[in-house]
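Each remark here refers to the structure printed beneath this line.
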Amino acid sequence: MKIDKIIHQATKNALAELYDLIPEDKQIQIQNTRKDQDGDITVVVFPFLRFSKKSPEETGKEIGNFILNKIEQVDSFDVVKGFLNLKIGNDYWLKNLISSYSDDNFGFISTNENSKTVMVEYSSPNTNKPLHLGHIRNNLLGFSISEILKANGNKVLKTNIVNDRGIHICKSMYAWQQWGKGKTPQNSGIKGDHLVGECYVEFDKKYKSEVEELIAKDYSKEEAENNAPSILAARELLRKWEANDDETVNLWKTMNQWVYTGFDETYKKLGVDFDKIYYESDTYLVGKEEVLRGLNEKIFYQRDDNSVWADLTNEGLDEKLLLRSDGTSVYMTQDIGTAKLRYKDFNIDKMVYVVGNEQNYHFQILSILLDKLGFEWGKDLYHFSYGMVELPSGKMKSREGKVVDADDLVEEMIQVARDMSEELGKLDSLTNDEAEDTFRMIALGALKYFMLKVDPRKNMMFNPEESIDFNGNTGPFIQYTYARIKSVLRKAGENNLEIDVNAKLESLSVKEKDLLKRIALFPGIVKEAGENYSPAVIANFCYDLVKEFNQFYHEHSILGEQNKDQLNFRLMLSATVAEVVKKGMNLLGIEMPERM
RNA sequence: GCCUCGAUAGCUCAGCUGGAUAGAGCAACUGCCUUCUAAGCAGUAGGUCAUGGGUUCGAAUCCCGUUCGGGGUACCA
């Protein structure tokens, strides 16, 4: 049993015996003792004073003596103000380390027949432009949260809904027809998604200038925006697409394919993947059927102009459009169809949507609509709502090309890693391929850690000039510590030093014990990350752990230690730190280099 | 207007299910490589936790008000 559980129970017993108090579990507060105090586990005694009718010091001493007598792991105690600080014996900590070291699955829960199946939707790009920094946050969060849910004993299905149809794609299509000059990824050497993205930007430029011209001709802003030739042409393409016009559908297929090939490359580079990909062009009609069924069953209503609406005023919300007056579907329609298909295709216990917080309202409504349509899982949807990535210049705008491009950013970071490694004279012993692979790991480690260490719910700032950093609280710092440990372990192996799990322990220094205590927190951290959907919890834990290891590493010699038991202990301690850090970082999708 | 989220060091962020003297990193300054990898370690400096009340033995953390900011409230996605 974990020591905090043991102390919790012992405190409960003490209260019953000493003060006839049967407390609620919440009243007993067990926490790790502060660094600056002597002790390991602390019981807060303030809440018990009105029952003991004694001073905090006296109450603490009484409870402390009781626990000291009953619990063998407790060596001594100390009462400071209202805090009862208990000192746990070295034997406990050593045993704890041995079991962590020996358990390959330490900190994780294996899946079994009772495991829930969780489907996680993430990425969900539009196919009219390449991925940018905002998508990177989404992809990294989606991948990481999937890994974290797996580590918590869930079966996880990663899914992606590709928004492959709609007016935005038609804009790129029209621009390509007009100004594309027959360019293809093959004949231009431009990555497919970027080529299509260029068309989109081109469209917006033309469109804006047309609107200005019309306004100069005394059109109102709204009239101008609705009558610019390019937007009319894009709408015509959308109409033709919905009417299954051959030429239009073929162009759509071709350009989407360019984009998919480009996305695949970016996904691969980011190290994210999917178990099942849905396409909006396949799901929107299913959604439309559901909406019409809802209309039939009087769940929704139709207005005079034929548009279909859901009245959510009873829920304290507005009325929501589900089908336009021309019968075409909107975003919500599509999401209803996709949800239905997913539950038909898989036996899903829980659905998680990794989508930005700008869509909070959308998912609140989606949940209600699915529920109204009779899908019992509707109200259980979980919208994992994350904050935006902001640039020093403000919000990113794809249309204006004002974005940090995902591919460019990754390449740039790899170059920084390369330069830095050369400057530091690292990796000279590696082959070219090995070195390149390491640069890639470091660059992605930096990027991923940077994006994942902050609370997902909050907006975050990315400054291209300053955010690319490999020192301090960064991924590379954690990778570096790991590589350092690996280096020591390699040298131990060369000297035929095997780790013996039966070894004894002479003494425990402050730093050694700090590390042991930190390691022991890992299972709870994994659980917390899962419950709160927060990769940041894992990231911060990894940082704290390696920070502590580096202090230990600086103060103690591992291989130079003369005492055999102590040397063995330090090797085991280091190996465990390496394994725990690797597991933690893997939950973030970050690879760990053996050397750097 | 209404709904919703946020405000912690110069900057980027932890800490928030109430506990002891609010922590990191970056930037600035100072030490430490003949010793297991200096992408490291140690130190100096930097705070009215936006603001005013309230609850409590105890509030950055919970409640209410105010200010400022983000997002939503589209026949966009």
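Chain identifiers are assigned alphabetically (A, B, ...) following the order of the sequence lines, protein sequences preceding nucleic acid strands; residue numbering begins at 1 within each chain.
- Taking 4.0 angstrom as the limit, A:S487 places a side-chain polar atom (N or O) nearer than this to OP1 or OP2 of B:U37.
- Taking the six-membered ring for Trp, A:F83 and A:F46 have ring centres closer than 6.0 Å.
- A donor-acceptor contact under 3.5 Å links the side chain of A:T42 to the base of B:A20.
- A donor-acceptor pair under 3.5 Å is absent between the side-chain atoms of A:S487 and the main chain of A:A483, judged by distance alone.
- Remark: A:Q551 is in phosphate contact with B:A42, judged by side-chain N or O atoms under 4.0 Å from OP1 or OP2.
- A close approach under 4.0 Å does not occur between any side-chain nitrogen or oxygen of A:K426 and OP1 or OP2 of B:A38.
- The aromatic rings of A:H132 and A:H135 lie tilted to each other, with the angle between the two planes from 30° to 60°.
- Taking for each of A:K395 and A:A483 the nucleotide of RNA chain B with the nearest heavy atom, the 5'-most of the two is the partner of A:A483.
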Contact letters for nucleotides 4-13 of chain B, in which S counts primed atoms plus P, OP1 and OP2 and B counts the base, heavy atoms under 4.0 Å: ---S----SS
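- In A:K511, the NZ atom is crowded: over 12 heavy atoms of neighbouring residues, nucleotides or ligands sit closer than 6.0 Å.
- In this structure, A:R165 is not positioned above the aromatic face of A:W252 in the sense of NZ or CZ being under 6.0 Å from the six-membered ring centre and within 45° of the axis.
- If you take CG of A:L84 and P of B:G19, they are 18 Å apart, rounded to a whole angstrom.
- Put simply, A:K320 has no side-chain N or O that comes within less than 4.0 Å of OP1 or OP2 on B:U73.
- At a threshold of 4.0 angstrom between heavy atoms, the contacts of A:F477 are confined to the sugar-phosphate backbone, with no base atom among them.
- Rounded to a whole Å, the CG atom of A:N85 is 16 Å from the P atom of B:G19.
- Judged by distance alone, with hydrogens and angles left aside, A:N471 brings no side-chain donor or acceptor close enough to the base of B:A38 to form a pair under 3.5 Å.
- With sequence neighbours excluded, the residues that form a side-chain hydrogen bond (donor to acceptor under 3.5 Å, both in side chains) with A:S509 are A:E512, A:H556.
- Remark: C1' of B:A74 and CG of A:L317 are 16 Å apart, rounded to the nearest angstrom.
- At B:G25, one or more side-chain N or O atoms of A:K547 fall inside 4.0 Å of OP1 or OP2 (strictly under the cut-off).
- Residue A:R484 has a polar side-chain atom (N or O) positioned under 4.0 Å from OP1 or OP2 of B:A38.
- If you check distances only, the side chain of A:S421 does reach the base of B:A39 with a donor-acceptor pair under 3.5 Å.
- Distance from the side chain of A:P47 is smallest to B:G19 among B:G40, B:G19, B:C36.
- A side-chain donor from one of A:Y386 and A:N138 sits under 3.5 Å from a side-chain acceptor of the other.
- Side-chain N/O atoms of A:Y480 include one lying less than 4.0 angstrom from OP1 or OP2 on B:A39.
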